[in-house]
Amino acid sequence: MKIMVVGGGGREHAIIKSIKKNKNVKEIFALPGNGGMAEDATLVPIGAKDIPAIVEFALKEKIDYAVVAPDDPLVLGCVDALEKVGIPSFGPRANAAIIEGSKVFSKNLMKKYGIPTAAYEVFDNAAAALEYVDSCPIPTVIKADGLALGKGVIIATDRDMAKDAVHSIMEDKKFGESGNNIVIEEFLEGPEVSVLAFTDGKCVRPMVSSMDHKRALDNDMGLNTGGMGTVAPNPYYTEAIAEECMERIFLPTIKAMCAEGREFRGCLYFGLMLTKDGPKVIEYNCRFGDPETQVVLPLLESDLLEIMMATSSGNLEKCEVKFASRNACCVIMASKGYPEAYEKGYEIVMDESVKDSVFVAGASIKDERLLTAGGRVLGVTAVEDSLGEAIESAYRKVECVRFENAYYRRDIGAKAMAALGGKN
Ligand code: AMP
Ligand code: GLY
């Protein structure tokens with residue numbers, strides 16, 4: 001089979017490495033991929049948002065199956081366009097990807113179908129939003145409606161900050177058209193859990209839970225990033241909580257999307273907060289998370305490609321989705337300065353022994369040398385029997401990867417270890 005993966009980060013590298021294990025796979029193309037995946041996929045210089053070029057390439061190469069991984073092409077209708085020319089694809093159509101593409105849509109969906117989430121108000125003009133933040137409870141959370149590279153959420157700890165957020169999103173258009181509408185919502189507290197789930201629109205198969213570390217610096221300080229590391233499973237996510245989430249969140253969401261005529265097929269990401277009033281949805285993503293995928297897929301024992309194909313053909317019920325009862329830890333190595341300004345172009349050198357554990361997010365190849373080319377450069381994942389061992393092993397592997405200006409958090413998994421009472 002000829003497979004095509006749209007996207008170019010660490011998540012896509014993890015997906016490609018997992019798909020490669022299927023014996024029927026002859027060739028994998030990455031559009032555009034990045035230099036760090038060149039040993040696992042054929043790189044094709046087509047941007048993930050260039051849908052006409054993606055479709056043309058898929059037809060020319062007679063691609064058997066496509067995986068569309070990032071949010072932008074999904075929201076723009078990449079799966080619709082590929083299906084239209086007869087290429088089966090993994091990922092939701094645009095009318096379902098809206099669950100991530102519009103926070104106003106997802107909040108209204110949850111309200112209509114009684115799915116637990118933070119209380120909220122929607123505003124389409126700055127004056128009304130400013131009046132609201134004059135008297136709303138503080139802290140408050142302000143979110144741009146549309147996609148904003150994961151940066152469209154501001155937690156305002158005082159009224160001036162809330163007003164600044166309204167001005168910058170709605171008036172200065174910090175996130176462009178994504179800020180035409182905003183959601184202002186109740187500030188929730190509790191441990192966060194990421195749950196990715198395969199769904200074919202009827203059946204939902206949650207993957208092993210995980211914990212992201214979004215802030216740039218140790219002890220959850222510094223700016224929000226795309227994610228600086230992950231562990232799986234997430235110790236806060238007990239079996240009882242998983243059952244409650246299935247009944248009150250996962251199944252109701254899948255049914256709600258069907259009832260709206262927006263059947264969701266692909267990977268639905270539930271960003272959950274375990275509050276004292278029970279689990280609540282913080283956000284939905286219409287795709288695999290990054291870097292959650294880098295800990296979840298290495299624990300998958302079943303065949304990823306078979307699951308993906310069953311998901312898109314509506315046959316997930318018959319498919320085995322099994323995870324190892326082990327633990328994984330992924331440490332992201334970034335360029336110093338990320339998520340703000342950083343330098344690139346430094347050579348990446350790694351020991352042969354860790355190559356299989358590395359998922360490259362931002363690198364290019366020049367004269368056969370691998371060079372840093374992004375903020376998040378790569379993720380190093382270890383899988384072990386206990387969380388403690390997985391963390392230790394991941395950091396040992398990090399020592400085997402070298403590039404100038406490398407920065408990484410030293411405390412990935414520390415919170416999860418504390419939740420286990422440090423006994424794992
Ligand atoms: P997002 O970009 O939507 O993933 O949100 C970024 C982060 O903001 C989340 O991971 C949460 O830590 C935090 N967040 C979002 N909404 C809320 C909320 N209603 N209450 C507290 N924290 C929130
Ligand atoms: N790690 C969070 C995300 O993928 O949005």
Side-chain angles (χ1 to χ4, degrees), residues 7 9-12 14-15 69-72 74-75 97 99-104 106-107 110 116-121 136-157 161-162 165 169 175 178-179 182-197 207 209-216 220-232 234 236 267-277 279-297 330 332 334 339 359 361 375-376 379 409 412 415:
R11 163 185 55 205
E12 287 76 8
I15 291 172
D71 47 6
D72 281 316
L74 290 167
V75 171
I99 199 164
E100 174 170 5
S102 166
K103 293 206 194 294
V104 173
S106 66
K107 293 297 289 190
M110 288 186 272
T117 189
Y120 71 101
E121 300 285 337
C136 75
I138 294 290
T140 189
V141 184
I142 298 174
K143 301 185 170 183
D145 176 38
L147 297 180
L149 294 170
K151 298 190 180 102
V153 174
I154 292 150
I155 297 178
T157 44
M161 201 175 159
I169 298 176
F175 306 113
S178 286
I182 59 170
V183 170
I184 302 186
E185 69 177 31
E186 173 196 8
F187 175 74
L188 298 177
E189 284 176 281
E192 283 186 59
V193 183
S194 306
V195 180
L196 318 181
M207 298 176 226
S209 63
S210 55
M211 182 192 286
D212 195 4
H213 298 66
K214 284 204 164 95
R215 301 293 198 96
D220 293 334
M221 308 293 277
L223 295 171
N224 244 332
T225 70
M228 293 300 293
T230 35
V231 294
N234 184 324
Y236 288 105
C267 172
L268 184 51
Y269 169 131
F270 298 88
L272 306 170
M273 195 170 271
L274 309 180
T275 74
K276 61 176 176 15
D277 302 320
K280 296 192 179 181
V281 178
I282 287 280
E283 60 160 349
Y284 292 115
N285 290 329
C286 65
R287 52 172 174 86
F288 282 95
D290 192 343
E292 284 89 343
T293 305
Q294 290 91 311
V295 284
V296 168
L297 291 186
C330 172
I332 297 294
F359 302 117
R376 289 194 291 182
R409 275 180 63 164
I412 301 303
K415 211 194 264 177

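Read the numbers this way: they start at 1 and go in the same order the structure lists the ligands and their atoms.
- Salt-bridge formation is detected for the pair Arg409/Asp220: a Lys NZ or Arg NE/NH1/NH2 atom is positioned less than 4.0 Å from an Asp or Glu carboxylate oxygen.
- Panel note: side chain Arg287, backbone Pro70; no donor-acceptor pair is recorded below 3.5 Å.
- Put simply, part of Tyr269 is less than 4.0 Å from ligand 2, judged by heavy atoms.
- Using a 4.0 Å cut-off between heavy atoms, Arg287 contacts ligand 2 through its side chain alone, with no backbone atom that close.
- The shortest heavy-atom distance from Lys143 to ligand 1 is under 4.0 Å.
- The Phe187 neighbourhood of ligand 1 comprises atoms 20 (N), 21 (C), with distances under 4.0 Å to a heavy atom of that residue.
- Defined by atom type and a distance below 3.5 Å, a donor-acceptor pair is missing between the side-chain atoms of Asp212 and Thr230.
- Counting atoms of ligand 1 from 1 in the listed order, those under 4.0 Å from a heavy atom of Glu185 are 16 (N), 17 (C), 18 (C), 19 (N).
- Under the 4.0 angstrom criterion for non-hydrogen atoms, Glu283 is not in contact with ligand 2.
- The closest non-hydrogen atom to atom 6 (C) of ligand 1, taken over Asn285, Asp212, Thr140, Asn224, comes from Asn224.
- Under 4.0 angstrom from ligand 2, there are no non-hydrogen atoms of Arg11.
- Residue contacts with ligand 2 leave out Gly227, since none of its heavy atoms falls under 4.0 Å from the ligand.
- No donor-acceptor pair closer than 3.5 Å links the side chain of Arg376 to the backbone N or O of Ile332.
- At least one N or O atom of Leu188, backbone or side chain, sits closer than 3.5 Å to an N or O atom of ligand 1.
- Only the backbone of Glu186 comes within 4.0 Å of ligand 1, counting heavy atoms alone; no side-chain atom from C-beta on gets that close.
- Looking at atom 12 (O) of ligand 1, its nearest protein heavy atom turns out to be Glu192 OE2, 2.4 Å.
- Near Lys214, meaning under 4.0 Å from any of its heavy atoms, are these atoms of ligand 1: 4 (O), 10 (O).
- Side chains of Ser210 and Glu292: no donor on one and acceptor on the other come within 3.5 Å.
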